[in-house]
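In listed order, ligands and their atoms are each counted from 1. None of these values were measured; they are calculated from a predicted model.
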Amino acid sequence: MSQSTIPTSDSSQTAPQPRRIHHTKMPTLAFELSEEVDRYVAGQIATLIREKKGAGQNAVLGLATGSTPIGVYRELIRLHEEEGLDFTNVLTFNLDEYWPMEPDSIHSYNRFMWENLFHHINIPKENVHIPDGTVPLAKVEAWCDDYERKIQEAGGLDIQLLGIGRTGHIGFNEPGSSRNSTTRLVALDPKTRKDAAGEFYGEENVPMQAVTMGVNTIMNARQIIMLALGEHKSKITRIAVEDEVTDQVPSTFLQKHPNSMFVIDSAAASQLTAVRIPWMAGLVEWTPLLVKKAVIWLSQRVKKPLLKLEEADFMENHLINLLRACNKSCEEIVHEVFLDMQSGICNKPGGDKPITAICFSPHPDDDVISMGGTLITLADQGHDMHIAYMTSGNIAVFDEDASRHTKFVNQFLELFKLDSGETAQLYKKLMSDLEEKIAGEPDSPEIQSIKGLIRKTEAAAGAIQAGVPESKLHFLDMPFYQTGDVKKNPIGEADVEIVANLLRELKPDQIYVAGDLSDPHGTHRVCAQAIIKALDVVKAEGIETEVWLYRGAWEEYEPHEIERAVPLSPAVVHRKRTAIFAHESQKDQALFPGSDAREFWVRAEDRTTSTARVYDELGLPEFYALEGFVQYRGQL
Ligand code: F6R
């Protein structure tokens, strides 16, 4: 990264040090991990609260909701509980609330704030201000004016905390919001509603409108801290800090604020020029990985295979420093990169002798979607291949599918005269649970079980297609996932112990882990953390294993990151597709498709064939498809 270390305001010895990213239009501080972002930002807020207290004044905070600031709130709670941080002199104003919205709804930002922060600290109730989603339409304007007045009466916002939406929104100021806008009722952008669809169990349940502070309200804060965590925020982060100011991306307005900063983790920083192509943004420290990245970039930029690159290509494309720093000829550098990539191509991922391997699949379809070809290869080559499904994935099943399966079982029982008063009663309850379910609310425990069972049977069908028998499937049902809600708990000891027990039982030579470590709140990352903790536990008992990371359904590793590329023949790709098709509840239309409208099997095939194309264009052998892996070496 092209950056320098800057001091933090937190004096504690263990305070994480941010790195200042250059080539941006507003101060941008990056930390390796999202937890470090949380600690740094909570530290800034705590410093303000203490300073204000010392001066006998109130600290006025503008607060955000969403997945991003949760870690900051957890850290503030910790500071309160363990270090006595006092909130009695704190006044808060939240950015926004859906409209209409009852404050006790599970979707309400009011409820969110109390559950994630206010209930756990000693802030006086009357100091909390949150936009009201129950104000009737005719009174909304007056209510918003009053909100603005209250902020001014409090002396204005000392710090405004912000997340950033995929549209570049701040608060709910969507594209087109005026620089001068104040608190008001707004319509939500379709992209924002899509992003919220998961939490609301369907886009149709997401409100169309919200009450939000305006851009001007936010810009009037004395300090603004904008946060972005995770790879899914990397594109909009780059636009916000590198592109021109425009009302089409309201977060760009912050470039004009005299005291704003963007605090991000390394995943969100990944698309910034100074991180993605640092040689274009100034001097760099050339590590072997960066050399590989630059050479691949050059080859793609000048559209020449690696071994046809010449010194002139380096000189004409800002890479003269690379040649100088490496003190090697262009040919030597290029050859090393070529050989490195070539040696990663691996037809026998399990090696020559039979091994025991486990594929850890966060949800019941990640195994076949993300590494189905490698699963098939390992099973076909006679290895003892196991799959561990870490969660039931029950929240991603449509009600119609639960209803169809329930009807099937009922009619099956009737057909074979196995029905009884008890089964009839259960059937009635299940059908009424489904019919009377309030849109956007979680399912009854019984319906959750049925949905989990649907995914379990699909997982088994998919695994069989991939050559892994049912006897080698392990359904871990990790407790962190079992909230019945889209929001999950952090991992606990019980989660780690479940994984550790499987490692103790099978003593695998190799394991495969979904390495979506950049998504700070997603299930994949939590699952990876549990595995990594469990590996530490069993290592102390003498159990060690080779760990390979694969990417989830959303993205592939970049070519320079791939350390092992497993070639897939057309026949293997076809079997992989059949295995993915077994996940019927996720087929045609998935409940949580993310921002990509393509079906999972299409994404999987596009991704593996395009990796093969990249290798081909770099002058490596031409394959039909490739699955990429990165070796885990003790560092996330
Ligand atoms: C929330 C808010 C929004 C979010 C943004 C990012 O109060 O105003 O602007 O900050 O949508 O949401 P997450 O953090 O969930 O990605």
Side-chain angles (χ1 to χ4, degrees), residues 34 37-38 41 61-74 92-99 101 103 107-118 128-133 147 157 159-175 177 181 183-200 206-207 209-215 217-219 221 224-237 239-240 249-254 260 262-265 267-268 486-488 518-522 525 554 592 594-595:
S34 64
V37 171
D38 300 339
V41 173
L61 305 178
L63 298 179
T65 55
S67 60
T68 310
I70 289 182
V72 174
Y73 297 152
R74 276 196 196 128
T92 64
F93 289 88
N94 260 81
L95 276 169
D96 43 19
E97 171 64 296
Y98 290 108
W99 188 93
M101 182 58 67
H107 306 299
S108 159
Y109 283 172
N110 190 312
R111 178 164 168 177
F112 173 102
M113 286 309 301
W114 283 96
E115 284 181 356
N116 287 290
L117 182 64
F118 300 143
V128 170
H129 305 85
I130 304 174
D132 184 350
Y147 201 63
L157 302 167
I159 292 183
Q160 175 64 57
L161 201 60
L162 295 175
I164 183 168
R166 238 176 3 112
T167 59
H169 70 206
I170 45 175
F172 276 134
N173 295 286
E174 299 287 15
S177 296
S181 54
T183 304
R184 68 207 186 286
L185 185 65
V186 293
L188 296 176
D189 187 275
K191 257 194 197 172
T192 298
R193 294 188 61 240
K194 238 184 204 61
D195 286 348
E199 306 238 323
F200 281 84
V206 182
Q209 287 176 284
V211 173
T212 181
M213 279 185 194
V215 176
T217 328
I218 294 168
M219 291 293 279
I224 299 177
I225 302 179
M226 181 148 69
L227 305 172
L229 304 174
E231 197 172 13
H232 59 302
K233 293 292 172 75
S234 61
K235 286 193 186 83
I236 192 64
T237 296
I239 293 171
V249 184
S251 48
T252 56
F253 286 126
L254 302 187
S260 67
F262 212 155
V263 189
I264 60 185
D265 65 359
V486 178
K487 293 192 193 80
K488 303 289 172 259
S518 56
D519 164 15
H521 306 292
R525 186 170 197 267
W554 323 107
F592 298 120
S595 53

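Aromatic ring orientation, Tyr73 versus Phe112: perpendicular (interplanar angle above 60°, classes split at 30° and 60°). Note on ring orientation: taking the six-membered ring where Trp is involved, the planes of Phe93 and Tyr147 are perpendicular (angle over 60°, cut-offs 30° and 60°).
The shortest contact between atom 12 (O) of ligand 1 and any protein heavy atom is with Lys233 NZ, 4.2 Å. The protein heavy-atom contact nearest to atom 1 (C) of ligand 1 is Thr65 OG1, 3.1 Å. Nearest to atom 15 (O) of ligand 1 among the protein's heavy atoms is Ser67 N, 2.8 Å. Thr68 OG1, 2.3 Å is the protein heavy atom nearest to atom 14 (O) of ligand 1.
Residues meeting the side-chain hydrogen bond (donor to acceptor under 3.5 Å, both in side chains) test with Ser260, sequence neighbours left out: none. Partners of Lys235 under the side chain to side chain contact (heavy atoms under 4.5 Å, CB included) rule, at least two apart in sequence or in another chain, are Gln271.
Under 4.0 Å from ligand 1, the heavy atoms of Leu95 that appear belong solely to its side chain. Looking at Ile164 against ligand 1, only its backbone comes within 4.0 Å, counting heavy atoms.
In terms of polar-atom proximity, defined here as any N/O pair under 3.5 Å, Gly171 does make such a contact with ligand 1. Of the N or O atoms in Tyr109, none lie within a sub-3.5 Å distance of an N or O in ligand 1.
Under a 3.5 Å cut-off, the side chain of Ser181 and the backbone N or O of Gly214 do not form any donor-acceptor pair.
Each of the following atoms of ligand 1 lies closer than 4.0 Å to a heavy atom of Gly163: 10 (O). The His169 neighbourhood of ligand 1 comprises atoms 3 (C), 5 (C), 9 (O), 11 (O), with distances under 4.0 Å to a heavy atom of that residue. Each of the atoms 1 (C), 2 (C), 7 (O), 8 (O) of ligand 1 lies under 4.0 Å from some heavy atom of Asp96. Each of the atoms 7 (O) of ligand 1 lies under 4.0 Å from some heavy atom of Ala64.
Taking the side chain as every heavy atom from C-beta outward, Arg74 and Asp38 never approach each other to under 4.5 Å. Looking only at side-chain heavy atoms (C-beta outward), Trp99 and Phe172 stay at 4.5 Å or farther from each other. By the 4.5 Å heavy-atom criterion applied to side chains, Asp132 and Glu97 are not counted as neighbours.
Residue contacts with ligand 1 do not include Arg166, since none of its heavy atoms lies under 4.0 Å from the ligand.
Taken from CZ in Arg184 to OG in Ser177, the straight-line distance is 4.5 Å, to the nearest 0.5 Å.
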